[in-house]
Amino acid sequence: MADSYDLTAIRNIGIMAHIDAGKTTTTERILFYSGRVHKMGEVDKGTATMDWMSQEQERGITITSAATACKWKGYFVNIIDTPGHVDFTVEVERSLRVLDGSIGIFCAVAGVQPQSETVWRQADRYQVPRIAYINKMDRVGADFFRVIEMIRNNLGSDAVAIQLPIGVEEAFSGVIDLIDFKAYIYEDESGEQYRKRELNPDERAKVQEFRNLLLERLAEYDDNILEKYLEAREISPAEIRSSLRKSCIANQIVPVLCGSSFKNKGVQMLLDAVVDYLPSPLDIPAIEAMDIASGENVRIKPEVDAPLCALAFKLASDPYVGKLTYFRIYSGRIKAGSTLFNSRQDRKERFARLLKMHANHREEIEEACAGDIVAGVGLKNTATGDTLCSENHLVLLETIDFPQPVIDVAIEAKTRADQERIEESLRRLAEEDPTFQTRQDKESGQMIISGMGELHLEIIIDRLLKEFKVNANIGKPQVAYKETVKKKTAAEVKFDRQAGGRGQYAHVLLEILPLTEGQGKKFADKSSPEAIPREFIPAVEMGVREALQAGILGGYPVDDVEVVLKGGSYHEVDSNEPAFKIAASMALKEALENAQSVFLEPVMDLEIICPEEYLGDVISDLNARRGRIIALEENRDTKAVKGLVPLAETFGYATSLRSLTQGRASFSMKIKDYAEVPESKSREIIARRYGLPV
């Protein structure tokens, strides 16, 4: 496969946007016009190729990122269609980690929406070059120029139009290319037939104005364009495209296109922009890795004949082939049946088969090389974020960080026979999704599953019942509270057990200190080797970390604390690791008793779009939910309410908001941070936790 095309002809792109901006519809059109599929699927009818899960088809939304590939004008385009719902932001995160470029899709009516902003910031973090596509130009209220301003102001990106729409709303019929000064008019419903024509006199003045704006922006970054522009010399379309490509890849400019994917207008020009302006694997900086032998950072260049280096970014269960491991190859090549090394797990892995994926359809291949995004079958121990490399060239790529889950649900088997099936099914789901976690509640003995939101857990439970055929009782969603401490305190414990023969002895002095929000759990050893031998320190740390899993208020995990081992003593005969682990756990519990423990709750960033006549009711309801208004913004016909609200107060909010506004308002939310719970609310949490009257 490596010899069949060259790296300059590869584009690895993602499609990202807010929910319902048209990502999957756009992907369907790309696949149709490139000849990858012969019939366009529709999201509303549940026939979209990329939304293959039954849960996606039922709800008309994308839940899991789906990979596919197509050819366009001699270029190979690997595409990942990502979800727009905030509960599945992990899918966007891990996709952007391995992509070279992306298309940001915006609704021509709504513009920059909350999740558009979230995914744009994720792309900023990974420095992924982008082009913007303003979709739904046929909708009532579409405003191309307003959305460009929103991209500039809300996202801080230098968005520059390279197309203008011909007509708007129902009259939208095509686009004008600012670079080659031509109009493209669509003539049939499928969008396959369009004609190119010269601009008429009415169009020329406006097009020249926006073309000059484009040239002025390019001149800021390109001396050749600047010189010709100042001297009023002609600048050819080829020169403009070359300059725009460089500026786009350098993340200086975001080229903006427009169209209506649902009405099949503008998608071919979008594909042209993908190959013209987004980078090949050779255009992006070489990725950094740590050389395990030397401990130094090395740069991995996208060379086919170099040693293998790849990153596993997604795991999926396939009913026909078992566990699929998706990975991006940064250098080297790999053949089906070959053995490689997982440097993070420190073990060998073998690929039984290599697959090119087209949503949930598989195409078996013999070889893959640098620049490819493929899936492998047969990797037993590889997890998301692991590095796969040659055994004679061990390197470690930076892994992928994922947010912590914020909502819990209890689950229990209906019969003893179902228990093992539940545990195995949950293990497989947690392998696939790093933001889904399971644990055993020490207080109640229940199995607790945790996720990013109500919809996330709803999908997980639906898959458990339908896909894995599990019989289980499901509890109501609960907030994943945390505990922390407000003041510094210390505790000293001597653990001394003598029961004939050799006893157990450990003595530790621990200090616990509060940390600022988001710093997590830290452990530091400041004891002297004479007090506690070094071989017992890992046991002390293990005892501390295990004890931090359940706080003293409600049994929730303790976070944002630092535990310092200050000293202690040992016995030459009776001291051992289990004794120090027990002593550390006891000392920590005692310290927590005196450190003024408090609850922390997840606080959500909430945005509500509603008609003005319902604004008062919406704000009153939000205040009753312990919400705080941050900003009020005016859109064309609606108001945007931005605020913060505790997650505990948002259960069932969709139904409540529909009732308040006769179904005319919408909202979106994402986690902002954790905040201390008021004392009155803390008493309620404790009462509910232990079955006491509230």
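Owing to the predicted nature of the structure, the values given are computational and were not obtained by experimental measurement.
For the pair Leu214 and Ile253, the minimum side-chain heavy-atom distance is 4.5 Å or more. Contact check for Ile30 versus Ile15: side-chain heavy atoms found under the 4.5 Å cut-off. Considering only heavy atoms from C-beta on, Arg97 comes within 4.5 Å of Tyr126 through its side chain. Here the side chains of Leu660 and Tyr614 are not in contact, with every heavy-atom distance at 4.5 Å or above. Annotation: side chain of Ile407 is in contact with side chain of Phe651 (closest heavy-atom distance under 4.5 Å). With a 4.5 Å cut-off on side-chain heavy atoms, Asp124 and Leu155 do not count as touching. At least one side-chain heavy atom of Ile459 sits less than 4.5 Å from a side-chain heavy atom of Leu455. Within the 4.5 Å cutoff, the side chain of Glu117 has heavy atoms near those of the Arg121 side chain.
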Problem set entry | Audit row: Val140, Val109, side-chain contact (heavy atoms from CB on, under 4.5 Å) steps and yes/no | CA-CA 7 Å; Val140 175; Val109 181; over 6 Å; no
Exercise. Could you go step by step and tell me if Ile373 and Leu99 meet the side-chain contact (heavy atoms from CB on, under 4.5 Å) rule?
Worked result: CA-CA 9 Å; Ile373 294 176; Leu99 293 170; 4.0 Å; yes
For this session: Go through the steps to decide whether Tyr221 and Lys246 satisfy the test side-chain contact (heavy atoms from CB on, under 4.5 Å), and finish with yes or no.
Result: CA-CA 9 Å; Tyr221 306 107; Lys246 288 175 188 171; over 6 Å; no
For this session: Check step by step if side-chain contact (heavy atoms from CB on, under 4.5 Å) holds for Met137 and Val168.
Result: CA-CA 6 Å; Met137 286 301 304; Val168 70; 4.0 Å; yes
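No more than 12 heavy atoms of other residues, nucleotides or ligands sit less than 6.0 Å from atom CD of Glu170. Residue Glu613 places its CD atom among more than 12 non-hydrogen atoms of other residues, nucleotides or ligands, all under 6.0 Å distant. The number of heavy-atom neighbours closer than 6.0 Å to CD of Glu398, taken from other residues, nucleotides and ligands shown, is 12 or below. Other residues, nucleotides and ligands place more than 12 heavy atoms under 6.0 Å from the CZ atom of Arg125.
Nearest heavy atom pair, residue Ile151 against residue Val112, reads N-CG2, 3.8 Å. Taking each heavy atom of Ala123 and Met16 in turn, the nearest pair found is CB-CE, 3.8 Å. The shortest non-hydrogen separation linking Ala312 to Thr325 is CB-CG2, 3.8 Å. Closest heavy-atom contact between Phe667 and Leu657: CD2-CD2, 3.8 Å. Closest heavy-atom contact between Asn12 and Pro281: ND2-CG, 4.1 Å. Closest approach of Arg625 to Ser656, counting heavy atoms only: NH2-OG, 3.1 Å.
Partner of Val641 under the side-chain contact (heavy atoms from CB on, under 4.5 Å) criterion, out of Leu606, Ile630, Leu632, Ile609: Leu632 alone.
In this structure, the side chain of Arg211 engages the main chain of Ile179 through a donor-acceptor pair within 3.5 Å. Checking side-chain atoms of Asp180 against main-chain N and O of Lys182 turns up a donor-acceptor pair under 3.5 Å. Remark: the backbone N or O of Cys70 is not paired with any side-chain donor or acceptor of Arg36 at under 3.5 angstrom. Looking only at distances, a side-chain donor or acceptor of Ser34 sits under 3.5 Å from a matching main-chain atom of Leu31. Between the side chain of Ser247 and the backbone N or O of Leu244 there is no donor-acceptor pair closer than 3.5 Å. Remark: the backbone N or O of Lys314 is not paired with any side-chain donor or acceptor of Arg94 at under 3.5 angstrom.
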For residues 272-279, tabulate all N or O donor-acceptor pairs below 3.5 Å that involve a side-chain atom, not counting sequence neighbours.
{"residue": "Asp272", "atom": "OD1", "partner": "Trp72", "partner atom": "NE1", "Å": "2.8"}
{"residue": "Asp272", "atom": "OD1", "partner": "Lys73", "partner atom": "NZ", "Å": "2.9"}
{"residue": "Asp272", "atom": "OD2", "partner": "Lys73", "partner atom": "NZ", "Å": "3.4"}

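Seen from the ring of Phe172, Lys263 does not count as a face-on cation partner, given the 6.0 Å and 45° thresholds.
To the nearest 0.5 angstrom, Phe145 atom CZ is 8.5 Å from Cys258 atom SG. Put simply, OG1 on Thr27 and CD1 on Ile80 are 11.0 Å apart, with the number rounded to the nearest 0.5 Å. For the atom pair CD (Gln163) and CE (Met269), the distance works out to 7.0 Å, reported to the nearest 0.5 Å. Expressed to the nearest 0.5 Å, how far CD of Glu601 lies from CD of Glu649 amounts to 7.5 Å. To the nearest 0.5 Å, atoms OH (Tyr33) and OG (Ser190) are separated by 6.0 Å. Rounding to the nearest 0.5 angstrom, the gap separating the CD1 atom in Ile671 from the OG1 atom in Thr118 is 12.0 Å.
Looking at Arg130 and Ser157, their side chains never bring a donor and an acceptor atom within 3.5 Å of each other. When only modelled atom types and interatomic distance are considered, Asn135 and Lys23 share no side-chain donor-acceptor pair under 3.5 Å. Ser280 and Asp283 share a side-chain donor-acceptor pair at under 3.5 Å. Between the side chains of Thr516 and Gln519, at least one donor N or O lies within less than 3.5 Å of an accepting N or O.
Note: His456 and Phe436 have perpendicular aromatic rings, judged against thresholds of 30 and 60 degrees for the angle between ring planes. Using cut-offs of 30° and 60° for the angle between ring planes, the Tyr186 and Tyr194 rings count as tilted.
Between Glu634 and Lys639 there is a salt bridge, since a side-chain N of the basic residue sits under 4.0 Å from a carboxylate O of the acidic one. A salt bridge links Glu149 to Arg152: one of the charged nitrogens lies within less than 4.0 Å of a carboxylate oxygen.
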